[in-house]
Amino acid sequence: MGCTCFGVSIVWRKSGDSRDREDLEGKQLGNIRNFSHNELRNATDDFHQGNKLGRGGFGIVYKGILKDGTEVAVKTLSAESKQGVREFLTEISTISNVRHPNLVELIGCCAQGTNRALVYEYLENNSLDRALLGQNSRTVKLDWGKRSAICMGTARGLAYLHEELVPHIVHRDIKASNILLDQDFAPKIGDFGLAKLFPDDITHISTKIAGTTGYLAPEYVLGGHLTLKADVYSFGVLILEVVSGRSSSKAKWGGMQKCLLEYAWQLYEEGKLLELVDPELDDFPEEEIIRYIKVAFFCTQAVANRRPLMSQVIEMLSRNIRLNEKQLRAPGYFQDSGSLSELPLSNKKSSESSTSYQMSSAPITVTQVTPR
């Protein structure tokens with residue numbers, strides 16, 4: 001008997017495993033299709049480098065065109081799952097039922113032999129990483145209207161995964177390259193189901209290889225403690241990237257060796273937050289941008305239970321409310337010194353504990369007494 005991380009149990013005969021694989025290939029699995037490896041090879045021109053869209057910790061993504069002309073993104077999985085084929089397909093089938101306007105749609109998968117791949121909808125404007133931080137940023141101009149909509153859409157997608165979906169999903173790798181943009185630059189979170197398919201140690205390794213340590217909550221990296229609040233932390237860093245137009249992996253800010261979050265907090269203490277704003281933004285609402293930056297600080301608090309829920313983050317971003325800054329402490333972050341065990345927390349006050357999170361407005365006050 002095998003048990004998936006969704007709690008679905010399956011029984012199969014070991015001797016008939018190869019026959020089961022053949023029977024499953026090319027069949028419909030709930031809302032998605034099970035592709036053969038040859039179908040995906042044909043769609044991507046044998047995984048040609050010219051069709052390569054990007055590389056992540058779990059594998060390479062290629063653009064493909066199916067026989068019916070549908071454009072897709074094919075993600076080959078480099079980290080081999082220890083699950084049997086039927087378990088893998090059952091989990092994929094469950095993930096396929098997760099639908100939200102701000103989540104990338106899963107069209108199908110491949111589980112033929114040792115070949116594992118996921119087939120997603122193709123999004124015209126690739127990722128936020130390329131549009132905002134990469135070479136495409138020279139030709140793609142994201143005004144504040146688009147940037148704020150990207151933050152809001154991403155927040156809604158995360159709130160759905162964290163608070164509406166049962167069981168909840170912790171993404172574990174929220175970063176600019178996993179926020180994909182459609183033709184109207186509306187955001188969709190990608191790879192939200194991968195956390196369900198691979199064990200923690202694989203995710204830790206892939207995240208380090210992907211160079212995304214700047215997004216990781218201190219308690220996750222240093223202690224392996226994973227909760228929904230780890231995603232909230234990553235989202236806070238993402239807000240700062242959207243505002244500044246610069247990558248969190250950049251290690252030098254303000255002429256000193258500082259990470260983006262550390263530099264932003266320094267500007268906050270000096271009353272100079274607008275110096276963080278991307279010079280490419282010609283016209284922007286100053287008060288709104290300052291509020292977004294402050295929300296980022298709430299999201300990146302050193303102590304996890306000081307961070308808001310994503311539903312609260314949406315409230316903080318969408319309404320012109322007065323935030324209770326007395327609740328703010330210096331954010332938690334670390335410098336990459338080459339060894340996870342040596343990554344120092346920036347603020348000694350981070351050892352403080354809290355059992356509540358509070359956000360104030362006039363005339364409404366929202367208080368979450370028991371954070372998840």
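Here the structure is a predicted model, which is why all the values come from computation and not from measurement.
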Specify the closest pair of heavy atoms between [X] and [Y], including all atoms of both residues, with the distance to one decimal.
X: Val313; Y: Pro308; value: CG2-CG, 3.6 Å
X: Ser148; Y: Gly145; value: OG-O, 3.1 Å
X: Leu238; Y: Lys175; value: CD1-C, 4.0 Å
X: Gly332; Y: Leu261; value: O-CD2, 3.6 Å
X: Leu106; Y: Ile32; value: O-CG2, 3.3 Å
X: Ala43; Y: Leu66; value: CB-CD2, 4.2 Å

Using modelled atom types and a 3.5 Å cut-off, is there a donor and acceptor pairing between side-chain atoms of [X] and backbone atoms of [Y]?
X: Asp231; Y: Arg172; value: yes
X: Asn102; Y: Pro187; value: yes
X: Asn178; Y: Asp173; value: yes
X: His171; Y: Gly190; value: yes
X: Gln301; Y: Arg329; value: yes
X: Ser234; Y: Tyr215; value: yes

Please check if the number of heavy atoms outside Glu270 that lie under 6.0 Å from its CD is greater than 12. yes
Evaluate whether atom CG of Asp184 has more than 12 neighbouring non-hydrogen atoms of other residues, nucleotides or ligands under 6.0 angstrom away. yes
Counting C-beta onward and ignoring hydrogens, is there a side-chain heavy-atom pair between [X] and [Y] closer than 4.5 Å?
X: Thr227; Y: Val232; result: no
X: Tyr292; Y: Val242; result: no
X: Tyr233; Y: Ile174; result: no
X: Asn320; Y: Arg291; result: yes
X: Ile107; Y: Glu121; result: yes
X: Val243; Y: Trp144; result: yes
X: Leu240; Y: Trp265; result: no
X: Lys294; Y: Tyr268; result: yes

Start with the C-alpha gap between Phe47 and Val74, add the side-chain angles, then the distance that decides, and say whether side chain to side chain contact (heavy atoms under 4.5 Å, CB included) holds. CA-CA 9 Å; Phe47 302 100; Val74 179; 4.3 Å; yes
Does one hydrophobic cluster hold both [X] and [Y], with members joined at side-chain heavy-atom distances below 4.5 Å?
X: Val61; Y: Val119; result: no
X: Ile179; Y: Leu53; result: no
X: Ile321; Y: Ile314; result: yes
X: Leu273; Y: Leu328; result: yes

Does the side chain of Asp68 come under 3.5 Å of the side chain of Thr70 through a donor N or O and an acceptor N or O? yes
Using a distance-only test with no angle check, is there a side-chain donor-acceptor pair under 3.5 angstrom linking Glu241 and Ser248? yes
Quick one: pull up [atom1] in [X] and [atom2] in [Y] and give me the separation to the nearest 0.5 Å.
X: Leu158; Y: Met310; atom1: CG; atom2: CE; value: 5.0 Å
X: Gln312; Y: Glu315; atom1: CD; atom2: CD; value: 8.5 Å
X: Phe284; Y: Asp278; atom1: CZ; atom2: CG; value: 9.5 Å
X: Ile239; Y: Leu317; atom1: CD1; atom2: CG; value: 5.0 Å
X: Lys75; Y: Ile60; atom1: NZ; atom2: CD1; value: 9.5 Å
X: His48; Y: Asp46; atom1: NE2; atom2: CG; value: 9.0 Å

Ring of Tyr122, cation from Lys63 - is the NZ or CZ under 6.0 Å from the centre and inside 45° of the axis? yes
Among Lys141, Lys146, Arg147, exactly one meets salt bridge (Lys or Arg N to Asp or Glu O under 4.0 Å) together with Glu280. Which residue is that? Lys141
Quickly, which of Ile150, Leu123, Asn126 forms a side chain to side chain contact (heavy atoms under 4.5 Å, CB included) with Leu181? Name it, please. Ile150
Leu180/Ser127 under side chain to side chain contact (heavy atoms under 4.5 Å, CB included): CA gap, chis, key distance, verdict: CA-CA 4 Å; Leu180 305 183; Ser127 68; 3.7 Å; yes
With side chain to side chain contact (heavy atoms under 4.5 Å, CB included) as the criterion, how do Leu161 and Leu103 come out once you've worked through the C-alpha distance, each side chain's angles and the decisive distance to 0.1 Å? CA-CA 9 Å; Leu161 291 176; Leu103 299 178; 3.9 Å; yes
Basic-acidic side-chain contact under 4.0 Å: Glu219, Lys229: no
Show, in sequence, the C-alpha distance, side-chain angles and deciding distance for Gln327 and Phe298, and conclude whether the side chain to side chain contact (heavy atoms under 4.5 Å, CB included) test is met. CA-CA 8 Å; Gln327 296 289 324; Phe298 276 105; 4.1 Å; yes
